[in-house]
Every structure is written in C-alpha cells, then in structure tokens.
Amino acid sequence: MKIAVLPGDGIGAEIVAQALRVLERLELPLETEEAPVGGAGYDASGDPLPEATLKLAKDADAILFGAVGGWQYDKLPRAKRPEQAILGLRKHLGLFANLRPAQVYAELAGASALKAEVVAGLDILIIRELTGDIYFGQPRGIRKRDDGEREGFDTMLYSEGEIRRIAHVGFKAALKRGRKLCSVDKANVLETSQLWRDVVTEVGKQYPDVELSHMYVDNCAMQLVRTPKQFDVVVTGNMFGDILSDEASMLTGSIGMLPSASLDANNKGLYEPIHGSAPDIAGKDIANPLATILSAAMMMRYSLQQPAAADRIEAAVKKVLKEGYRTADIAESGAKQVGTQAMGAAVVAAL
Ligand code: IPM
Ligand code: MG
C-alpha cells in the first residue's frame, strides 16, 4: 500500500510526523513517499502543486496531507497561493466527497465552548461536496464596469449528476449510522439550492430506511449550537459545508481533534486534519497531532481496507485522552500537558 505524504506548511510537518510514527507502529506493508505542497511547493519549484507532487498523489493508494498556508504567501497572485494546492488536488483527483466527523470524546466534553450536557456524546458526520459549487463555478473574476467601478463575481453552480452522487454518499453513510440524513441548502433564495433539494429528494426515494429532512443553512448554523445532537448525517454543498464544518468542530472542544477524508468514486482518498497550518505555533512542539493521527485512521478504514487498524488507532487515541494526556489546545487544569511529539509517543505507546 503506497501512501503519498504531503506535509505542507506551518505545523504540517510536525503533525504528519506523528501520524507516520503511528502508522509505522502498525507493522503493515506500507510504503510512504513525501513531496512538497502548498507554500513548500512554491518555495521548491514556484508552484503550490508541483507536477511531481500531483503525479505522486495520483499514483498512490492514499494521500496523507498536513496543512497549507502562511502569511509570507498571502500577497502572491491567487494561482500561486498555497490554498490552490489543496483545491487542485481535490479537483484533479476527483475527490468530491468530503467526510468530516465531529465526535465529542467523553473526556473532552468540558473543553467545548458549549455546555457539557449540550455536546456530551455528540457524534455527527458532515458530508461536504468538494469539487463543485461557487468554489469552482465559472465565470468568476473582478471586472471594471462602464461607470469605472470594479465588481467581483463568482458562479454558484451544481449539475444534477454532481448533486446525485453526493446524495448517494450521504444516504449510504446514514444507513451505516443513525439512518437520519439532513440536507442543507438555501432553497428559499437560490436556484442552485432548489435543484439541490429536488435531486436529493428524488434520490431519497431509493432509501426508504433513511429519514430525510431539509434545512436552510442559516437555520442549520443556529441548530448546530442549539441542539447539535438532533443531527446524524448532514449533506451539503461545498461552501456551506466549509462553514458548517468549522462551526461543528468547535462543538468538540478543539479544531485540533477533527480528521477528514476526501474520497473519489472508488474510495481513493486524501486524509487531512480540518484545521489549518497555524503558522503562529509552527516549530514550537505544541500543536495537537490527534486530528492528523485520526485522519490516518480514516485512511486505514476508507482507502486501505484495514478496518482493524483504524479501530486500533482510534482506541489508542481514546486511551491517551483517558490517561489525561492533553496538548495545550485541549488542556484543563490537572491534565498531563504534553507537546506534539510526546502526544505522538503516547499514542504509539497505547498501540
Ligand atoms: C477547508 C479549507 C479550504 C477550503 C481552504 C484552505 C481552501 O478551509 O478544507 O475547509 O475552503 O475548502
Ligand atoms: Mg474550511
């Protein structure tokens, strides 16, 4: 099994290193190869997604991704910015289904900004469409009007086929979980969302065992902090999913805990923590590696067909939390506060 390892920028290298230690400990026939991406790709070859990196990702069975971005790249033209690397990988590899679970570990319920009783036991899965919508719709740009004023424009666009295939992913995931699917849109205002709602409803007829509901995105943003446990699986478009998944991450106490999988039609996938490159804490050995370690577990489950290995990693993470190990982002008083490397070592020891 060949894994392309793309650490990226900021804390990317530190957290990916810990996930690799965990993978090594599994003693499976895994082969890894590393390549620069994001700002590191730009520095190495003038391109955030160097051709060799894209080729490595295409040839691998799965991709382990750290994070990209840094203040030193913010002034570059858009095509050269680090974010283009992750957007390009998603598009070139057809990774249209983004799974973002938000689970509250019993030990961390107190770390949430919400009351412990509102989030205790929370287990939701946000499924975000990842290769369409206003992120990729054409035309887009900034142009000058006849009166001399500039205007910016983007195109929100979904085809029936794109909506149908992500709807199937949503219904199938719901069947394996609590059999509830909430489709989130803005059909009271947007045409794209009206089509989204119609197509999801149509697909739902093939899944009579799943209870389908529809919710407007503004209401969903509110319900997520009011009664988050009402949700099982949420399926939504690219931009709404981007926003709602960040919101959902905070229910769990720390964005440093949340893994993600981005899958193509054959379950080949890219695995990354949902947090960013956090340049302010890079190189200080304080970042939380657990989201990346849990992403490696998802990789075992979804792309490499090693569910037992996935279970082992997840159990090891639960064990270190139970033992009181905490990185700074989830630390409370009385915890064994550790750095990035020590947290990785604790997970390896638990394995
Ligand atoms: C995410 C990130 C990306 C996105 C950025 C880095 C392009 O916010 O994965 O959620 O908007 O999709
Ligand atoms: Mg985001």
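Basis for what follows: all heavy atoms, side chains included, without hydrogens, waters or symmetry-related copies.
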Atom pairs and distances, side-chain donor-acceptor, residues 189-196, under 3.5 Å, sequence neighbours left out:
residue, atom, partner, partner atom, Å
Ser193, OG, Lys186, N, 2.9
Gln194, NE2, Asp198, OD1, 3.0
Trp196, NE1, Ser183, OG, 2.9

Could you pull out all donor-acceptor pairs under 3.5 Å where a side-chain atom in residues 304-324 meets a protein atom, sequence neighbours excluded?
residue, atom, partner, partner atom, Å
Gln305, NE2, Tyr302, O, 3.4
Asp311, OD1, Arg301, NH2, 2.9
Arg312, NH2, Leu351, O, 3.2
Glu314, OE1, Arg301, NH2, 3.0
Glu314, OE2, Arg301, NH1, 2.9
Lys319, NZ, Glu323, OE2, 3.4

Indicate every side-chain donor-acceptor pair of residues 105-119 with a distance under 3.5 Å to a residue at least two apart or in another chain.
residue, atom, partner, partner atom, Å
Ser112, OG, Leu114, N, 3.0
Ser112, OG, Leu251, O, 3.0

Just distance, no hydrogens or angles: give the donor-acceptor pairs under 3.5 Å from side chains in residues 146-156, sequence neighbours left out.
residue, atom, partner, partner atom, Å
Asp147, OD1, Arg145, NE, 3.4
Asp147, OD1, Glu149, N, 3.0
Asp147, OD2, Arg145, NH2, 2.9
Glu151, OE2, Arg143, NE, 2.8
Glu151, OE2, Arg143, NH2, 3.2
Thr155, OG1, Pro139, O, 2.5

What donor-acceptor contacts under 3.5 angstrom involve side-chain atoms of residues 19-42, with partners at least two apart or in another chain?
residue, atom, partner, partner atom, Å
Arg21, NH1, Gln18, OE1, 2.8
Arg21, NH1, Gln341, O, 3.2

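Without hydrogens or angle criteria, Ser260 side chain to Leu99 main chain gives no donor-acceptor distance under 3.5 Å. Between the Asp61 side chain and the Lys268 main chain, no donor and acceptor come within less than 3.5 Å of each other. The closest donor-acceptor contact from the side chain of Lys91 to the backbone of Thr131 lies under 3.5 Å. Not one N or O on the side chain of Arg100 forms a donor-acceptor pair closer than 3.5 Å with the backbone of Ala248. In this structure, Ser277 contributes its side chain and Ala67 its backbone to no donor-acceptor pair below 3.5 Å. Between the side chain of Asp133 and the main chain of Tyr135, no donor-acceptor pair closer than 3.5 Å is present. At distances below 3.5 Å, not a single donor-acceptor pair connects side-chain atoms of Lys284 with backbone N or O atoms of Gly339.
Side-chain contact check for Leu56 versus Lys2: some heavy-atom pair is nearer than 4.5 Å. Side-chain contact between Pro82 and Asp9: present, with at least one pair of heavy atoms (C-beta onward) separated by less than 4.5 Å. You'll find the side chain of Leu212 reaches within 4.5 Å of the side chain of Val200, heavy atoms only. Residues Tyr158 and Val199 are not in side-chain contact: their nearest non-hydrogen atoms beyond the backbone lie 4.5 Å or more apart. Within the 4.5 Å cutoff, the side chain of Lys180 has no heavy atoms near those of the Phe231 side chain. At a threshold of 4.5 Å between non-hydrogen side-chain atoms, the residues Met257 and Gln103 do not count as touching. For the pair Gln206/Phe171, no side-chain contact is recorded, criterion being any heavy-atom separation below 4.5 Å from C-beta on. Inter-residue side-chain proximity for Val234 and Ile124 is flagged as unmet; no heavy-atom pair is nearer than 4.5 Å.
Atom CG of residue Asn188 and atom CZ of residue Arg197 lie 7.5 Å apart, to the nearest 0.5 angstrom. One distance of note links CD1 of Ile274 with CG of Asp246; it measures 5.0 Å at 0.5 Å rounding. From Leu244, atom CG reaches atom OG1 of Thr236 across 6.0 Å, with rounding to the nearest 0.5 Å.
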For this session: Just do the salt bridge (Lys or Arg N to Asp or Glu O under 4.0 Å) check on Asp232 and Arg179 with the steps written out, would you?
Result: CA-CA 7 Å; Asp232 175 24; Arg179 301 181 169 230; over 6 Å; no
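A continuous path of ILVMFWY side-chain contacts below 4.5 Å connects Leu290 to Met298, so both sit in one hydrophobic cluster. Met250 and Val104 fall into different hydrophobic clusters, where Ile, Leu, Val, Met, Phe, Trp and Tyr side chains are chained together by heavy-atom contacts under 4.5 Å. In the hydrophobic cluster analysis, where Ile, Leu, Val, Met, Phe, Trp and Tyr join through side-chain heavy atoms closer than 4.5 angstrom, Val210 is grouped together with Val169. No continuous path of hydrophobic side-chain contacts links Ile166 to Val217 [ILVMFWY only; heavy atoms under 4.5 Å]. Leu95 is not connected to Ile163 by any chain of hydrophobic side-chain contacts under 4.5 Å among Ile, Leu, Val, Met, Phe, Trp and Tyr, and they are in different clusters.
Side-chain atoms of Thr53 and Glu51 include no donor-acceptor pair closer than 3.5 Å. Under the 3.5 Å distance criterion, with hydrogens and angles disregarded, a donor-acceptor pair is assigned to the side chains of Thr327 and Asp329. Side-chain contact of Thr201 with His214: a donor-acceptor pair under 3.5 Å is present, judged by distance alone.
Counting all heavy atoms, side chain and backbone alike, Leu130 lies closest to Ser262 at CD2-OG, 3.3 Å.
With sequence neighbours excluded, the residues that form a side-chain contact (heavy atoms from CB on, under 4.5 Å) with Ser303 are Ala62, Leu263, Tyr271.
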